[in-house]
Protein chains: 2
Amino acid sequence: MEEIDRAIVAALTADGRLSYTDLAEKVGLSVSAVHQRVRRLEQRGVINGYTARVSFEALDLPLTAFVAIRPFDPSQPDDAPVRLAHLPEIDSCYSVAGEDFYLLLVRVAGPLDLERVLQEIRTSANVTTRTTVVLSTPYEHRPPKVALDPAGPHRVRGASAESAGSQPG
Amino acid sequence: MEEIDRAIVAALTADGRLSYTDLAEKVGLSVSAVHQRVRRLEQRGVINGYTARVSFEALDLPLTAFVAIRPFDPSQPDDAPVRLAHLPEIDSCYSVAGEDFYLLLVRVAGPLDLERVLQEIRTSANVTTRTTVVLSTPYEHRPPKVALDPAGPHRVRGASAESAGSQPG
DNA sequence: AGTGAAATCGTGGCCCC
DNA sequence: GGGGCCACGATTTCACT
């Protein structure tokens with residue numbers, strides 16, 4: 001039953017432009033039924049949207065780096081994410097536990113751009129930076145093992161199907 | 001001219017299922033012309049493919065962590081990426097400069113799963129791990145500022161296509 | 001929830017500019 | 001490289017189950 005939803009999500013993560021016709025064939029249902037299920041997956045928020053995957057090399061952004069940041073003055077209000085949002089070189093911003101406050105993923109054209117972006121990060125958010133350069137990317141954005149909650153991300157009650165439950169306490 | 005390619009890539013990263021009709025309207029070209037340009041962008045490798053964006057919360061993978069790994073015995077051959085590829089919880093694997101050898105992005109259902117995955121990483125690749133838990137994600141996978149090379153990443157005149165990027169020296 | 005059919009619209013090849 | 005045309009296929013809705 002929801003086996004089919006898993007198959008649909010897996011197929012659409014592999015190829016986001018799959019037609020409903022092809023999708024229907026893959027999962028062994030009629031076109032209408034598949035269409036209906038996709039609509040439900042979208043409005044439940046399981047599928048958030050669709051994007052084209054771009055080659056960062058082709059976009060002249062061959063250099064990737066992780067930048068861990070820490071406020072220069074920890075007593076100041078911490079709004080680094082919004083202060084940094086204007087920098088297009090920042091792909092992602094994670095708030096993390098541990099010694100650092102945030103971990104940024106940045107993509108630039110080369111070392112000189114990285115230097116410039118680091119300076120902009122430091123001055124924009126009043127932080128210190130610790131940078132880890134990515135040398136190569138064996139794999140990235142692999143499709144997750146799809147294990148659907150029966151009714152989406154709602155109801156915080158029961159533990160889920162797999163792996164005996166995320167944190168009981 | 002290539003201003004239009006930038007607009008196309010930007011539009012398709014924002015919505016990968018945009019029809020050529022809508023795309024044509026957005027960039028102010030005919031449907032045929034847009035179709036032609038998208039085909040070229042695809043075969044030049046600027047656009048690698050299309051995927052559905054899924055909510056990891058909805059997929060019951062609410063816990064994200066970065067795992068830095070380092071070989072237990074640095075004299076052994078280093079094939080950690082292939083030894084770890086079978087673990088579906090690993091979203092991405094980056095080879096990095098710095099103290100660690102690789103940085104992994106993992107997504108799991110909760111702390112207990114994280115513990116299990118860390119054990120599997122250590123035993124599968126014979127490495128030590130240092131884990132940074134993600135508390136929240138202010139933003140992720142933002143569309144890059146699109147700056148197209150005139151003819152894609154091809155022919156760098158002697159150097160190979162990859163990493164021949166822009167360090168003017 | 002799934003099916004099949006029907007109207008609408010998008011797609012993908014061709015030819016002309 | 002852009003525009004327009006046209007046959008085919010995909011999308012989307014509806015009545016039925």
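Per chain, numbering begins at 1; letters A, B, ... match sequence-line order.
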| Whichever of A:Asp22 and A:Ser32 has its nearest DNA chain D nucleotide further upstream toward 5' |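 Result of the comparison: A:Asp22.
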
| query | Is B:His35 near enough to C:dG12 that one of its side-chain N or O atoms lies under 4.0 angstrom from OP1 or OP2? | reply |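 Yes, within the criterion.
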
| Is any side-chain N or O of A:Arg37 closer than 4.0 Å to OP1 or OP2 of C:dG2? |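 Checking C:dG2 against A:Arg37, a side-chain N or O does come within under 4.0 Å of OP1 or OP2.
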
| field | Bending between helix ends of the helix from C:dA1-D:dT17 to C:dC17-D:dG1 [5 pairs per end, 10° resolution] | value |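 Axis angle across the helix from C:dA1-D:dT17 to C:dC17-D:dG1, nearest 10°: 30°.
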
| If you measure from the Lys or Arg side-chain nitrogens to the Asp or Glu carboxylate oxygens, is any gap between A:Glu42 and A:Arg39 under 4.0 Å? |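 Not counted as a salt bridge, because no side-chain N and carboxylate O are separated by less than 4.0 Å.
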
Quiz: residues 133-144 of chain A side-chain donor-acceptor pairs under 3.5 angstrom, not counting sequence neighbours:
| residue | atom | partner | partner atom | Å |
| --- | --- | --- | --- | --- |
| A:Tyr139 | OH | B:Pro81 | O | 2.8 |
| A:Tyr139 | OH | B:Ala85 | N | 3.4 |
| A:Glu140 | OE2 | A:Arg107 | NH2 | 2.7 |
| A:Glu140 | OE2 | B:Tyr94 | OH | 2.6 |
| A:Arg142 | NE | B:Ile90 | O | 3.0 |
| A:Arg142 | NH1 | B:Ala85 | O | 2.6 |
| A:Arg142 | NH2 | B:Ala85 | O | 3.3 |
| A:Arg142 | NH2 | B:Leu87 | O | 2.5 |
| A:Arg142 | NH2 | B:Ile90 | O | 3.1 |

| message | Ignoring hydrogens and geometry beyond distance, is a side-chain donor-acceptor pair present between B:Arg53 and A:Thr51 at under 3.5 Å? | response |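 Not at all, the side chains of B:Arg53 and A:Thr51 share no donor-acceptor pair under 3.5 Å.
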
| request: Give one of base, sugar-phosphate or nothing for B:Arg40, where a contact means two heavy atoms less than 4.0 Å apart. | output: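 Sugar-phosphate contact only.
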
| request: Kindly indicate whether the side chain of A:Ser30 and the base of C:dG2 share any N or O donor-acceptor pair separated by less than 3.5 Å? | output: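 A donor-acceptor contact between them is absent.
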
| task | Drop me the distance from A:Arg37's CZ to A:Ile47's CD1, to the nearest 0.5 angstrom. | result |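 If I round to the nearest 0.5 Å, the distance is 12.0 Å.
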
| Nearest-nucleotide 5' precedence on DNA chain C, A:Arg17 against A:Gln36 |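 Closer to the 5' end of DNA chain C: A:Gln36.
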
| Atom-to-atom span, NZ of B:Lys26 to C1' of C:dG10 - whole angstrom |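 In whole Å, C:dG10 C1' lies 17 Å from B:Lys26 NZ.
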
| task | Select one nucleotide: of D:dT12, C:dG12, C:dG10, the one nearest the side-chain heavy atoms of B:Tyr20. | result |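 Selected nucleotide (nearest to the side chain): C:dG12.
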
